[in-house]
Amino acid sequence: MRWLRVAASLALCGALAGCETWVKPGGTPAEFDAMSASCKAQAYQRFPPMVRPVQTSYGHYMPVTTHCTTTGNVTNCTQTGGYWVPPSFSTVDDNENGRDQDIRACYYRNGWQPEKKSS
């Protein structure tokens, strides 16, 4: 369960902190950190991780293929394939978007804005 919290925290940091810098007139990094922790805690209570498996590829049979080479009067053939490739699965957190939006809304409510980047 601990790995889930760590993974969720890293994903959230990447989604919010990694892409945007938040600023507030007179705001300090320590003030932002405290407010951010509070916003994230509230968002995780409102939108707890709801992780479910999703299939990312179908299972299939790898067909048998035969490759032959002839040297002089001798033909050598090898076969490959003929086995089952199982489907692939990953996980999705159905509450991730709601949680991210709740955190952003909390930042705005507390007077923080994403820093405008000059082009």
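Just so we're clear, the structure is a prediction, and the values are computed from it rather than from any experiment.
- For the side-chain hydrogen bond (donor to acceptor under 3.5 Å, both in side chains) condition, the pairs that include at least one residue of residues 81-92, sequence neighbours left out, are S57-S88.
- Residues Y58 and H60 approach most closely at O-ND1, 3.5 Å, considering heavy atoms.
- Here the side chains of D94 and R52 are in contact, with some heavy-atom distance below 4.5 Å.
- Residues Y44 and P49 have side chains in contact (heavy-atom distance under 4.5 Å, counting atoms from C-beta outward).
- Residue R104 holds its CZ atom at 4.0 Å from CH2 of W22, rounded to the nearest 0.5 Å.
- Atom-to-atom distance recorded for K40:NZ and M35:CE is 9.0 Å, nearest 0.5 angstrom.
- The side chain to side chain contact (heavy atoms under 4.5 Å, CB included) search around N95 returns F47, P48, M50, D93, R99, not counting sequence neighbours.
- Scanning all heavy atoms of the two residues, the minimum distance from I103 to A43 falls at CG1-CB, 3.5 Å.
- Evaluation of the disulfide bond (SG atoms under 2.5 Å apart) test over residues 22-67, restricted to residues two or more places apart or in two chains, returns C39-C106.
- In this structure E31 satisfies the side chain to side chain contact (heavy atoms under 4.5 Å, CB included) test together with K24, T28, W112, sequence neighbours excluded.
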Tell me, with the steps shown, if H67 and T65 meet side chain to side chain contact (heavy atoms under 4.5 Å, CB included). CA-CA 7 Å; H67 179 71; T65 57; over 6 Å; no
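- Partners of T75 under the side chain to side chain contact (heavy atoms under 4.5 Å, CB included) rule, at least two apart in sequence or in another chain, are C68, T70, C77.
- Applying the side chain to side chain contact (heavy atoms under 4.5 Å, CB included) test to F89 and every residue at least two apart in sequence or in another chain returns Q55, P87.
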